[in-house]
Visitor: 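Dropping a structure here in structure tokens format, bear with me for questions.
Positions are given from 1, in the same order as the sequence printed here.
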Amino acid sequence: MINLQTNNKYKRSISQMQLSDKLSRILELAGLDSESNVSVRIDSDELLKNLNKQYRGFDQPTDVLSFESNMVDPETGCLFLGDIVISYETAEKQAQEADHPLENEIILLLIHGILHLSGLDHATKSQKDAMWQKQQMILDKLDVKINRISGDKDFHD
């Protein structure tokens with residue numbers, strides 16, 4: 001089950017149904033069980049800044065945070081992968097800087113968050129290469145064009 005919550009301030013700009021459909025496809029393309037549960041929240045820079053400070057020690061907003069769970073719901077037997085929190089405001093800035101649609105940026109951040117929940121990371125060059133390759137494969141399969149990944153000088157479309 002996908003639990004998608006968007007701050008009321010941003011709901012008019014985001015199609016909940018489209019994002020839920022994309023998220024289901026992202027789970028499948030990432031090699032995760034489509035019966036897995038994941039929670040996604042799209043909210044403000046302020047919330048992301050607070051979470052980033054609390055959990056990572058960085059007193060600044062960020063585009064996406066992932067909180068891995070891997071717990072099994074005793075009632076359904078389904079895996080709860082974890083939570084993904086996306087900053088709408090940062091996603092909007094990054095989309096404008098990269099000159100691609102906001103929806104594409106949010107999909108990129110969903111993919112990035114799901115890949116973290118699946119165990120991938122980008123702490124080393126080899127990890128980053130593997131994660132970026134999988135990220136690009138999913139973007140290609142979804143036919144989502146990204147002109148530039150914010151803060152990534154190595155990205156080429």
Side-chain angles (χ1 to χ4, degrees), residues 1-6 13-43 45 47-49 51-52 55-58 60-72 78-157:
M1 179 180 94
I2 295 168
N3 178 14
L4 177 60
Q5 297 177 336
T6 301
S13 304
I14 297 172
S15 167
Q16 304 286 2
M17 188 181 296
Q18 259 187 337
L19 277 184
S20 288
D21 291 346
K22 292 281 188 196
L23 191 50
S24 294
R25 184 84 170 107
I26 292 165
L27 287 169
E28 176 188 318
L29 292 168
L32 298 168
D33 185 353
S34 62
E35 297 296 311
S36 298
N37 295 322
V38 64
S39 178
V40 176
R41 182 170 176 179
I42 300 174
D43 215 300
D45 271 353
L47 176 67
L48 272 282
K49 179 181 178 180
L51 291 172
N52 205 18
Y55 292 101
R56 298 182 63 229
F58 298 112
Q60 62 192 34
T62 188
D63 52 4
V64 61
L65 290 171
S66 300
F67 300 95
E68 191 174 355
S69 170
N70 289 323
M71 292 176 34
V72 175
C78 292
L79 178 66
F80 177 62
L81 295 171
D83 301 295
I84 298 170
V85 187
I86 295 172
S87 169
Y88 179 93
E89 295 157 321
T90 297
E92 187 174 47
K93 283 182 232 160
Q94 289 176 177
Q96 288 172 354
E97 289 169 5
D99 195 29
H100 55 241
L102 172 61
E103 180 183 332
N104 292 16
E105 184 71 22
I106 290 174
I107 291 168
L108 169 66
L109 297 175
L110 284 172
I111 294 168
H112 193 84
I114 290 294
L115 292 178
H116 274 301
L117 294 183
S118 76
L120 292 178
D121 201 356
H122 46 85
T124 67
K125 180 165 177 16
S126 62
Q127 289 175 334
K128 180 180 174 181
D129 290 345
M131 187 169 178
W132 262 234
Q133 183 178 17
K134 190 151 193 176
Q135 191 169 263
Q136 188 60 51
M137 179 274 297
I138 295 171
L139 286 166
D140 291 344
K141 296 264 185 191
L142 294 173
D143 198 27
V144 173
K145 303 295 182 226
I146 297 295
N147 295 328
R148 181 174 62 88
I149 296 177
S150 181
D152 188 2
K153 295 171 180 57
D154 299 332
F155 179 77
H156 306 287
D157 58 342

Visitor: Taking the side chain as C-beta and beyond, is there a heavy-atom pair between Gln94 and Leu108 under 4.5 Å?
Guide: no
Visitor: Verify the distance criterion only: is there a donor paired with an acceptor across the side chains of Gln136 and Asp140 at less than 3.5 Å?
Guide: yes
Visitor: How far apart are the closest heavy atoms of Ser20 and Ile2, and which atoms are they?
Guide: O-CD1, 3.7 Å
Visitor: Are side-chain heavy atoms of Lys125 and Asp129 found at a separation under 4.5 Å?
Guide: yes
Visitor: Please name the pair of heavy atoms, one in Leu81 and one in Leu117, separated by the smallest distance, quoted to 0.1 Å.
Guide: O-CD2, 3.9 Å
Visitor: At what distance, to the nearest 0.5 angstrom, does CD of Glu92 lie from OG of Ser87?
Guide: 9.5 Å
Visitor: Between CH2 of Trp132 and CG of Leu120, what distance do you get to the nearest 0.5 Å?
Guide: 10.5 Å
Visitor: Under the criterion side-chain contact (heavy atoms from CB on, under 4.5 Å), which of Leu109, Leu4, Ile114, Ile42 is the partner of Ile84?
Guide: Ile114
Visitor: Once rounded to the nearest 0.5 Å, what's the spacing between atom CZ of Arg41 and atom CG of Leu65?
Guide: 12.0 Å
Visitor: Less than 4.5 Å apart, any side-chain heavy atom of Asn3 and any of Asn37?
Guide: no
Visitor: Do you know which two heavy atoms are closest between His112 and Gln135, and how far apart they sit?
Guide: ND1-OE1, 2.8 Å
Visitor: Heavy atoms, side chains only, cut-off 4.5 Å: are Ile107 and Ile146 in contact?
Guide: no
Visitor: Write down the atom of Phe80, the atom of Ser39, and the distance for their closest heavy-atom approach.
Guide: CE1-N, 4.0 Å
Visitor: Mark yes when over 12 heavy atoms from residues, nucleotides or ligands other than Met71 sit less than 6.0 Å from its CE; otherwise mark no.
Guide: no
Visitor: In the structure I gave you, are the side-chain heavy atoms of Thr6 and Val40 within less than 4.5 Å of one another anywhere?
Guide: no
Visitor: If you measure from the Lys or Arg side-chain nitrogens to the Asp or Glu carboxylate oxygens, is any gap between Asp21 and Arg25 under 4.0 Å?
Guide: no
Visitor: Distance check, rounded to the nearest 0.5 Å: Lys49 atom NZ versus Thr62 atom OG1?
Guide: 13.0 Å
Visitor: Please answer whether the main-chain N or O of Pro61 pairs with a side-chain N or O of Asp45 as donor and acceptor at a distance below 3.5 Å.
Guide: no
Visitor: Would you call the rings of Tyr55 and Phe67 parallel, tilted or perpendicular, taking 30° and 60° as the class edges?
Guide: perpendicular
Visitor: Looking at every non-hydrogen atom in both residues, tell me the closest pair between Ile14 and Ile106 and how far apart they are.
Guide: CD1-CD1, 3.9 Å
Visitor: Taking Asn52 for its side chain and Gln60 for its backbone only, find out whether a donor-acceptor pair lies under 3.5 Å.
Guide: yes
Visitor: Return the CD1 to CG distance between Ile111 and Leu139, rounded to the nearest 0.5 Å.
Guide: 4.0 Å
Visitor: Side chain of Asp63, backbone of Thr90: donor and acceptor closer than 3.5 Å?
Guide: no
Visitor: Between atom CG of Asn70 and atom OG of Ser36, what is the distance when rounded to the nearest 0.5 Å?
Guide: 9.0 Å
Visitor: With a 3.5 Å distance limit and no angle check, can you tell me whether Asn147 reaches the backbone of Ala98 through a side-chain donor-acceptor pair?
Guide: yes
Visitor: Between Glu105 and His100, does a side chain to side chain donor-acceptor pair (under 3.5 Å) hold up when you go through it step by step?
Guide: CA-CA 7 Å; Glu105 184 71 22; His100 55 241; 2.6 Å; yes
Visitor: List the atom of Leu115, the atom of Ala30, and the distance in Å for their closest heavy-atom pair.
Guide: CD2-CB, 4.1 Å
